[in-house]
Colleague: 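Below is one structure. I have some questions about it.
The sequence lines fix the lettering, A, B, ..., with proteins before strands; numbering per chain opens at 1.
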Number of protein chains: 2
Amino acid sequence: MHAFDVLGDPVRRRILELLCDHELSSGAIVEIVGGEFGITQPAVSQHLRTLRENGFATVTEEGTRRIYALNASGLEEVDHWLAPFRRFWEPKFEALATEIARGKRKRRQRD
Amino acid sequence: MHAFDVLGDPVRRRILELLCDHELSSGAIVEIVGGEFGITQPAVSQHLRTLRENGFATVTEEGTRRIYALNASGLEEVDHWLAPFRRFWEPKFEALATEIARGKRKRRQRD
DNA sequence: GACTAATATAAACTATCACTTATATCAAGT
DNA sequence: ACTTGATATAAGTGATAGTTTATATTAGTC
């Protein structure tokens with residue numbers, strides 16, 4: 001599953017926003033986003049699974065609890081895809097962008 | 001439609017990659033991505049529409065041609081959402097992140 | 001060791017979304 | 001004016017992804 005598909009779901013984005021602040025147990029996440037979006041525990045649990053399986057979250061078992069934490073790699077991938085576009089709104093990237101356009105830097109094809 | 005939903009589709013991402021380099025006519029885009037993904041002209045045209053309607057592309061009419069160019073605002077929105085997470089992989093954001101965590105900066109709720 | 005609490009998985013249903021074929025629009029050329 | 005070329009829109013269809021109910025798993029408790 002592509003990183004952008006993972007972020008396509010509002011529930012998953014909300015979970016990541018929560019994990020950005022601090023780790024949370026599965027139950028705590030269910031309580032918050034389950035309440036906000038009006039969905040059940042299994043629904044949230046499946047979202048946690050996709051976050052896990054695609055490099056957006058990590059889990060550590062604590063007894064019967066599962067503690068979820070943010071995994072940067074998924075979001076980093078998104079950030080990386082975004083990089084070449086950044087010159088359109090960040091002035092400081094303009095010079096670099098011009099150079100790239102001129103082909104002065106070799107780039108890997110389709111990464 | 002949310003910005004991340006727009007980026008959820010691989011065809012639309014590919015179109016944006018093309019527009020990152022230079023403007024392109026609808027026909028040119030159809031030729032390239034239509035060929036790469038094996039989809040028809042109307043299919044590509046619909047993707048162009050979602051890109052237009054969600055602030056990812058702009059069009060200018062040139063006779064019977066439609067010239068598409070990148071619109072930064074859509075991607076900028078994504079970049080903005082990503083900002084608070086950036087500290088997880090960019091060391092220079094760590095200090096700022098700590099400050100935010102301490103609540104020294106006021107933030108708008110749910111933007 | 002049975003019971004409960006916390007979480008995950010399975011199966012079934014539904015709605016959304018991307019695709020196709022068919023058609024409309026409309027500018028340019030002859 | 002008619003035709004052609006470039007593009008968009010409409011309607012219909014199929015697949016996928018998120019949801020629900022039901023159940024499995026496993027750790028802690030009495």
Colleague: Once rounded to the nearest 0.5 Å, what's the spacing between atom OG1 of Thr58(A) and atom CD1 of Ile67(A)?
Modeller: 10.5 Å
Colleague: Side chains of Arg86(B) and Asp79(B): does their closest heavy-atom pair fall under 4.5 Å?
Modeller: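 Arg86(B) reaches Asp79(B) side chain to side chain.
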Colleague: Under 30°, 30 to 60°, or over 60°: which ring-plane class applies to Phe4(A) and Trp81(A), parallel, tilted or perpendicular?
Modeller: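 Plane angle over 60°, so perpendicular.
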Colleague: For Asn71(A) and Ala57(A), which heavy atoms make the closest approach, and how far apart are they?
Modeller: CB-N, 3.4 Å
Colleague: Report each atom pair, protein N/O against N/O of nucleotides 19-23 of chain C, whose distance is under 3.5 angstrom.
Modeller:
residue, atom, partner, partner atom, Å
dC19(C), OP2, His47(B), NE2, 2.3
dT20(C), OP2, Thr40(B), N, 3.0
dT20(C), OP2, Thr40(B), OG1, 2.9
dT20(C), O4, Gln46(B), NE2, 3.4

Colleague: Taking the side chain as every heavy atom from C-beta outward, state whether Glu76(B) and Phe85(A) have any pair of such atoms under 4.5 Å apart.
Modeller: no
Colleague: Measure the spacing between CG of Leu75(B) and CG of Leu16(B) and express it to the nearest 0.5 Å.
Modeller: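 Here the interatomic distance stands at 5.5 Å.
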Colleague: dA27(C) P sits how many Å from Ile67(B) CD1, rounded?
Modeller: 15 Å
Colleague: Using atom CZ of Arg65(B) as one end and atom C1' of dA28(C) as the other, report the distance to the nearest whole Å.
Modeller: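 About 11 Å, once rounded to whole Å.
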Colleague: Find out whether Ile29(A) and Leu19(A) are in side-chain contact, i.e. whether some heavy atom of one side chain is under 4.5 Å from a heavy atom of the other.
Modeller: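 They are in contact (side-chain heavy atoms under 4.5 Å apart), so the answer is yes.
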Colleague: How close do Asn54(B) and Met1(B) get, heavy atom to heavy atom, and via which atoms?
Modeller: OD1-O, 3.2 Å
Colleague: In whole Å, what is the span from the CG atom of Asp5(A) to the P atom of dT16(C)?
Modeller: 18 Å
Colleague: What's the CG-P distance between Leu7(B) and dC17(C), to the nearest Å?
Modeller: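 Atom CG in Leu7(B) sits about 15 Å away from atom P in dC17(C).
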Colleague: Rounded to whole angstrom units, what separation is found between the CG atom of Leu51(A) and the P atom of dA8(C)?
Modeller: 11 Å
Colleague: On the nucleotide dA8(C), are OP1 or OP2 found under 4.0 Å from the side-chain N or O atoms that Ser45(A) carries?
Modeller: yes
Colleague: Strictly below 4.0 Å, heavy-atom distances to any atom of DNA chain D: list the hits from residues 26-35 of chain B, or just say none.
Modeller: Ser26(B), Gly27(B)
Colleague: Quickly work out the Arg66(A) CZ to dT7(C) C1' distance and round it to whole Å.
Modeller: 6 Å
Colleague: Which comes earlier along DNA chain D counting from the 5' end, the contact point of Arg12(A) or that of Tyr68(B), where each point is its nearest nucleotide?
Modeller: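 Result of the comparison: Tyr68(B).
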Colleague: Could you tell me whether Glu53(A) atom CD has more than 12 heavy atoms of other residues or ligands within 6.0 Å of it?
Modeller: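 Yes, CD of Glu53(A) has more than 12 neighbouring heavy atoms, counting only those of other groups under 6.0 Å.
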Colleague: Under 4.0 Å from a heavy atom of chain A: give me the 5'-most and 3'-most nucleotides of DNA chain D that qualify.
Modeller: dG18(D) to dG28(D)
Colleague: If every non-hydrogen atom of Phe88(B) is compared with every non-hydrogen atom of Cys20(A), which pair is closest and at what distance?
Modeller: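 Here Phe88(B) and Cys20(A) meet closest at CZ-O, 3.7 Å.
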Colleague: Less than 4.5 Å apart, any side-chain heavy atom of Arg12(B) and any of Phe56(B)?
Modeller: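 No, their side chains stay 4.5 Å or more apart.
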